[in-house]
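Accompanying notes for the structure given below.
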Amino acid sequence: MSDHHEKLMDYLYQELSPEEARRFEDHLGTCEMCQKDLADFRQLREALAAWNIEEVPHISLTIDGSPSRHWFALWKAFPIWLRLTTTAAAALLILALFNVQMSYRPQEGFRFSASLWPRAELPAVEQPQPEPVGLTEEQVAALIRAAIAQAQQQTSERMTAEIEALAAKLRSENERLLVQMADTLRQEQEERLAELEDQLGQPSTVSTLAELFWEEPNSGY
Amino acid sequence: MEWTDEQIVQRTLNGEVDAFGILVRRWEKKVYGLAYRMLGHYEDARDTTQEIFLTVYRNLRKFRGDAKFSSWLYRIALNCCHNRLRERALQTVPLDESPPVPVDASAHSQVERQQKIERVRRALRALPYEMRQVIIMKEYEGLTFKEIADILNIPVSTAKTRLYTGLDQLRERLLAVKDAL
Ligand SMILES: [Zn+2]
């Protein structure tokens, strides 16, 4: 009985070989149940087909509100020269203190943006993937420690100059994403410096930052 | 030559973040269609579609090249829909919410069409989850029984039986209504 049903499903959706189909048609000729099912289901399929979806709403992806999970994707987007400079280490620290946001829109592709204040809560997704860090936790902590030490040495003026220079360099690279980020950085620079001083005044900063960059591997999918 | 899904996944993992956009564009219509038909609710479907792509992005490294990307994507999509339905089961959801209707079509045929869709939407929503997902994957996503069985991790014959049972139940709801009209 249920063998009829399976074959019928295959036949209805044209998943039988020509020969199997012929054999099923022979069966159809003798089985009223299958005839009735087939007629009904064909009618049903027509009814179901009425629900076609023409309009797909604008799908906008905002990928993460914190810099931690997607930091390395962002990091990879930097030109190599920037990754290799000590300025990059400073930039890394600066960005870590910000809320870096990466967004995707069909026409515009991915965008990175940063702001000083936390954004509204974004939907949490379970089980983040283990990040391809390539750096150990200690290395990241050391990097951050070095960056903090460097930042402490510098006067606010020198930081300003550095960020200006970074922005100029980014512009010359014609990296749209990064220019945008640099502009944001410049705009919020004063607040940032205040924030930075605040952060540096607290001994827990290093470990907090290290945690941002380091995620426990998770399982799933 | 056009990239395969699997190639795009690899490029994204290699740091070409923009490559992921191609995957989203390629699949958003199908994924949204699946979500909308599974959930029967426009806004839930939209939110869930975003969630599905986020989940895919965040788990991209766990995608194994030995499976088809589409199967993996569907599995995640169904999981997300399932979670959303479970959340919704704890709340009261307005059933009647429909997507915005375009105004250009003639009012009469538009109304008629909406009514037809509404009947289908309600009939599908009333089906048990397991049957609904098989019907949607077969009828609207056009997957083969083998593909459905892979995605759901069930025997092919089970996929077919579920489809039969689902159609059998739908027949009572949809064809009976139709005859009555
Ligand atoms: Zn029969």
Side-chain angles (χ1 to χ4, degrees), chain A residues 2-10 12-13 15 36-37 40-41 43-45 47-64 69-70 72-77 102 104-110 112 122-132 177 218-221, chain B residues 13-18 20-21 24-25 28-29 31-33 36-37 42 45-47 49-51 53-55 57-63 72 75-76 79 99-100 102 113 116-117 119-121 123-124 135 138-140 144-145 156-157 159-161 163-165 167-168 170-171 174-175 178:
Chain A
S2 92
D3 185 49
H4 289 208
H5 294 168
E6 288 180 31
K7 277 277 182 294
L8 180 69
M9 291 297 98
D10 284 327
L12 184 65
Y13 289 91
E15 284 198 34
K36 164 101 170 79
D37 280 351
D40 282 356
F41 291 165
Q43 207 185 334
L44 201 52
R45 288 193 67 189
L48 289 175
W51 191 10
N52 63 334
I53 297 173
E54 286 144 15
E55 311 247 327
V56 176
H58 176 69
I59 305 295
S60 136
L61 295 184
T62 300
I63 296 184
D64 214 336
R69 278 178 199 163
H70 294 280
F72 285 94
L74 177 63
W75 183 240
K76 281 177 183 165
M102 193 166 116
Y104 167 79
R105 270 169 236 287
Q107 271 80 39
E108 299 163 31
F110 276 92
F112 298 102
L122 293 160
V125 172
E126 314 161 37
Q127 304 166 334
Q129 68 183 89
E131 291 294 345
L177 307 177
N218 264 298
S219 61
Y221 296 117
Chain B
L13 289 175
N14 290 343
E16 274 179 61
V17 200
D18 278 343
F20 190 68
V24 176
R25 273 190 296 274
E28 66 184 352
K29 194 168 181 200
V31 167
Y32 171 74
Y36 189 22
R37 290 175 178 122
Y42 170 72
R46 201 187 49 198
D47 293 351
T49 304
Q50 294 185 351
E51 202 181 307
F53 282 114
L54 280 173
T55 308
Y57 181 78
R58 290 179 181 169
N59 288 281
L60 216 49
R61 204 157 284 276
K62 289 180 199 158
F63 169 64
W72 186 70
R75 211 170 296 142
I76 289 177
N79 264 346
R113 186 171 165 266
K116 265 189 188 169
I117 292 177
R119 270 204 304 273
V120 173
R121 197 159 69 107
L124 281 175
I135 288 180
K138 192 70 197 148
E139 193 60 48
Y140 298 109
T144 65
F145 287 114
V156 173
S157 62
K160 291 174 192 173
T161 313
L163 182 64
Y164 181 91
T165 315
L167 290 177
D168 191 35
L170 266 190
R171 156 166 60 187
L174 274 177
L175 298 189
K178 199 171 173 184

For R37(B) and I53(A), run side-chain contact (heavy atoms from CB on, under 4.5 Å): C-alpha distance rounded to whole Å, both residues' side-chain angles, the deciding distance at 0.1 Å, then the answer. CA-CA 9 Å; R37(B) 290 175 178 122; I53(A) 297 173; 3.7 Å; yes

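With respect to chain A, the highest number of heavy-atom pairs below 4.5 Å among A123(B), A45(B), S157(B), A159(B) belongs to S157(B).
For Y140(B) (side chain) and L48(A) (main-chain N/O), a donor-acceptor pair under 3.5 Å exists by modelled atom type. At distances below 3.5 Å, not a single donor-acceptor pair connects side-chain atoms of R119(B) with backbone N or O atoms of A47(A).
Annotation: side chain of L167(B) is in contact with side chain of L12(A) (closest heavy-atom distance under 4.5 Å).
Between atom CE of residue M9(A) and atom OG1 of residue T165(B) there is a gap of 9.0 Å, rounded to the nearest 0.5 Å.
In plain terms, the two heavy atoms of D40(A) and L175(B) that are nearest each other are O-CD1, 3.6 Å. Considering all non-hydrogen atoms of both residues, E6(A) and T161(B) come closest at OE2-OG1, 3.8 Å. Residues F145(B) and Y13(A) come closest through the heavy atom pair CZ-CD1, 4.4 Å.
Ring pair Y164(B)/F41(A) is perpendicular by interplanar angle, where above 60° counts as perpendicular and below 30° as parallel.
A salt bridge does not link E15(A) to K160(B): none of the charged side-chain nitrogens sits closer than 4.0 Å to a carboxylate oxygen.
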